Amino acid sequence: MGVNVRIPPALQYLTDGQAQVNITASTVGDCIANLDRQYPGMQDRLLDAKGVRRFVNIYVNDEDVRFLNDLATRIQEGDEISIVPAISGS
(Lines give C-alpha, C1' and ligand atoms only; values in the text may rest on other atoms or scores of the structure.)
Protein backbone atom coordinates (compact mmCIF):
# COMPACT_ATOMS: atom_id res chain seq x y z
CA MET A 1 0.00 0.00 0.00
CA GLY A 2 1.26 3.55 0.64
CA VAL A 3 -0.08 7.06 0.95
CA ASN A 4 -2.82 8.60 -1.12
CA VAL A 5 -1.78 11.78 -2.90
CA ARG A 6 -4.52 14.14 -4.03
CA ILE A 7 -3.55 15.86 -7.28
CA PRO A 8 -5.03 19.29 -8.10
CA PRO A 9 -6.79 19.65 -11.47
CA ALA A 10 -4.00 21.90 -12.78
CA LEU A 11 -1.49 19.02 -12.45
CA GLN A 12 -3.67 16.09 -13.45
CA TYR A 13 -2.34 16.24 -17.00
CA LEU A 14 0.87 14.75 -15.52
CA THR A 15 -1.04 11.84 -13.91
CA ASP A 16 -3.10 10.96 -17.00
CA GLY A 17 -6.15 12.67 -15.50
CA GLN A 18 -6.01 10.90 -12.14
CA ALA A 19 -7.17 13.02 -9.20
CA GLN A 20 -5.58 10.66 -6.68
CA VAL A 21 -2.56 8.37 -6.85
CA ASN A 22 -0.96 5.96 -4.39
CA ILE A 23 2.74 6.41 -3.60
CA THR A 24 5.04 4.47 -1.28
CA ALA A 25 7.32 6.73 0.79
CA SER A 26 8.45 7.48 4.34
CA THR A 27 8.76 11.30 4.12
CA VAL A 28 7.10 14.04 2.10
CA GLY A 29 10.36 14.54 0.18
CA ASP A 30 10.49 10.84 -0.70
CA CYS A 31 6.85 11.00 -1.73
CA ILE A 32 7.54 13.84 -4.16
CA ALA A 33 10.61 12.07 -5.56
CA ASN A 34 8.65 8.84 -6.07
CA LEU A 35 5.74 10.80 -7.52
CA ASP A 36 8.15 12.36 -10.01
CA ARG A 37 9.52 8.91 -10.96
CA GLN A 38 6.01 7.73 -11.81
CA TYR A 39 4.85 11.03 -13.26
CA PRO A 40 7.85 12.96 -14.64
CA GLY A 41 7.69 16.71 -14.28
CA MET A 42 5.77 16.70 -11.00
CA GLN A 43 8.77 17.58 -8.81
CA ASP A 44 9.64 20.63 -10.93
CA ARG A 45 6.15 21.99 -10.41
CA LEU A 46 6.17 21.44 -6.65
CA LEU A 47 9.73 22.27 -5.57
CA ASP A 48 12.38 24.86 -6.25
CA ALA A 49 15.93 25.22 -4.88
CA LYS A 50 14.56 26.30 -1.47
CA GLY A 51 11.99 23.51 -1.08
CA VAL A 52 8.23 23.67 -1.61
CA ARG A 53 7.43 26.41 -4.09
CA ARG A 54 6.00 29.59 -2.59
CA PHE A 55 2.57 29.22 -4.19
CA VAL A 56 2.16 25.51 -3.52
CA ASN A 57 0.83 24.09 -0.26
CA ILE A 58 1.34 20.47 0.72
CA TYR A 59 -0.70 18.96 3.52
CA VAL A 60 -0.33 15.69 5.39
CA ASN A 61 -3.70 14.76 6.88
CA ASP A 62 -4.79 18.43 6.84
CA GLU A 63 -1.53 19.72 8.41
CA ASP A 64 0.59 22.10 6.32
CA VAL A 65 4.10 20.62 6.02
CA ARG A 66 5.57 24.10 6.51
CA PHE A 67 4.37 23.89 10.12
CA LEU A 68 5.66 20.34 10.54
CA ASN A 69 9.11 19.26 9.30
CA ASP A 70 8.71 20.46 5.72
CA LEU A 71 10.03 17.85 3.26
CA ALA A 72 11.38 15.75 6.15
CA THR A 73 7.85 15.30 7.55
CA ARG A 74 7.36 11.59 8.25
CA ILE A 75 4.43 9.87 6.62
CA GLN A 76 3.00 6.41 7.07
CA GLU A 77 0.74 4.01 5.25
CA GLY A 78 -2.79 5.32 5.01
CA ASP A 79 -1.88 9.01 5.30
CA GLU A 80 -3.33 11.44 2.80
CA ILE A 81 -1.16 14.02 1.06
CA SER A 82 -2.94 16.97 -0.54
CA ILE A 83 -1.23 19.24 -3.05
CA VAL A 84 -3.01 22.58 -3.12
CA PRO A 85 -2.00 25.48 -5.33
CA ALA A 86 -2.23 28.75 -3.40
CA ILE A 87 -4.97 31.08 -4.54
CA SER A 88 -4.82 34.80 -4.06
CA GLY A 89 -7.06 37.63 -5.03
CA SER A 90 -7.49 41.31 -4.56
Side-chain angles (χ1 to χ4, degrees):
M1 210 164 201
V3 296
N4 292 318
V5 181
R6 297 178 68 179
I7 307 297
L11 296 178
Q12 289 176 14
Y13 71 96
L14 293 170
T15 60
D16 299 319
Q18 296 180 82
Q20 186 168 296
V21 297
N22 193 275
I23 300 292
T24 301
S26 59
T27 67
V28 171
D30 291 342
C31 180
I32 293 171
N34 292 343
L35 188 62
D36 191 64
R37 276 197 245 345
Q38 278 189 261
Y39 307 101
M42 188 67 74
Q43 186 167 312
D44 290 338
R45 277 129 188 114
L46 301 178
L47 306 179
D48 60 20
K50 296 179 182 179
V52 178
R53 288 187 177 277
R54 184 173 176 200
F55 295 106
V56 173
N57 298 307
I58 299 176
Y59 296 89
V60 175
N61 301 325
D62 300 322
E63 293 286 330
D64 190 330
V65 298
R66 286 184 176 97
F67 298 106
L68 299 171
N69 290 321
D70 233 356
L71 296 176
T73 300
R74 306 278 311 155
I75 54 178
Q76 56 189 1
E77 188 172 316
D79 281 348
E80 185 168 276
I81 310 295
S82 298
I83 300 168
V84 181
I87 299 174
S88 66
S90 51

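Quick note: residue numbers are just sequence positions, from 1. Values reported hereafter were calculated over all heavy atoms of this structure, with side chains retained and with hydrogens, waters and symmetry mates removed. Note that this is a predicted model, so its numbers are computed, not measured.
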J.: Give, for atom OG of S82 and atom CG of D62, the distance between the pair rounded to the nearest 0.5 Å.
T.: 6.5 Å
J.: Determine whether T15 and V5 satisfy the following criterion, side-chain contact (heavy atoms from CB on, under 4.5 Å), listing intermediate values before the conclusion.
T.: CA-CA 11 Å; T15 60; V5 181; over 6 Å; no
J.: side-chain contact (heavy atoms from CB on, under 4.5 Å) with I75: which of V60, V65, N61?
T.: V60
J.: Taking only residues at least two apart or on different chains, which pairs with a member in residues 43-53 satisfy side-chain hydrogen bond (donor to acceptor under 3.5 Å, both in side chains)?
T.: Y13-R45
J.: Look up atom CG in D79 and atom CD1 in I23, then write down how far apart they are to the nearest 0.5 Å.
T.: 14.0 Å
J.: Would you please name every residue forming a side chain to side chain donor-acceptor pair (under 3.5 Å) with N4, sequence neighbours left out?
T.: N22
J.: Could you list all the side-chain hydrogen bond (donor to acceptor under 3.5 Å, both in side chains) pairs where at least one residue sits in residues 26-35, not counting sequence neighbours?
T.: S26-D30, T27-D30, N34-R37
J.: The criterion is salt bridge (charged side-chain N to carboxylate O under 4.0 Å, His left out); which residues satisfy it with E80, sequence neighbours excluded?
T.: R6
J.: Side-chain heavy atoms under 4.5 Å apart, restricted to Ile/Leu/Val/Met/Phe/Trp/Tyr: what other residues fall into the cluster of Y59, or is it alone?
T.: V84
J.: Among residues at least two apart in sequence or on other chains, which ones pass side chain to side chain donor-acceptor pair (under 3.5 Å) with Q18?
T.: Y39
J.: Among L71, V28, I32, which residue satisfies the side-chain contact (heavy atoms from CB on, under 4.5 Å) criterion with L46?
T.: I32
J.: To the nearest 0.5 angstrom, please state how far the CE atom of M42 sits from the CD1 atom of I83.
T.: 5.5 Å
J.: List the atom of V3, the atom of C31, and the distance in Å for their closest heavy-atom pair.
T.: CG2-SG, 4.1 Å
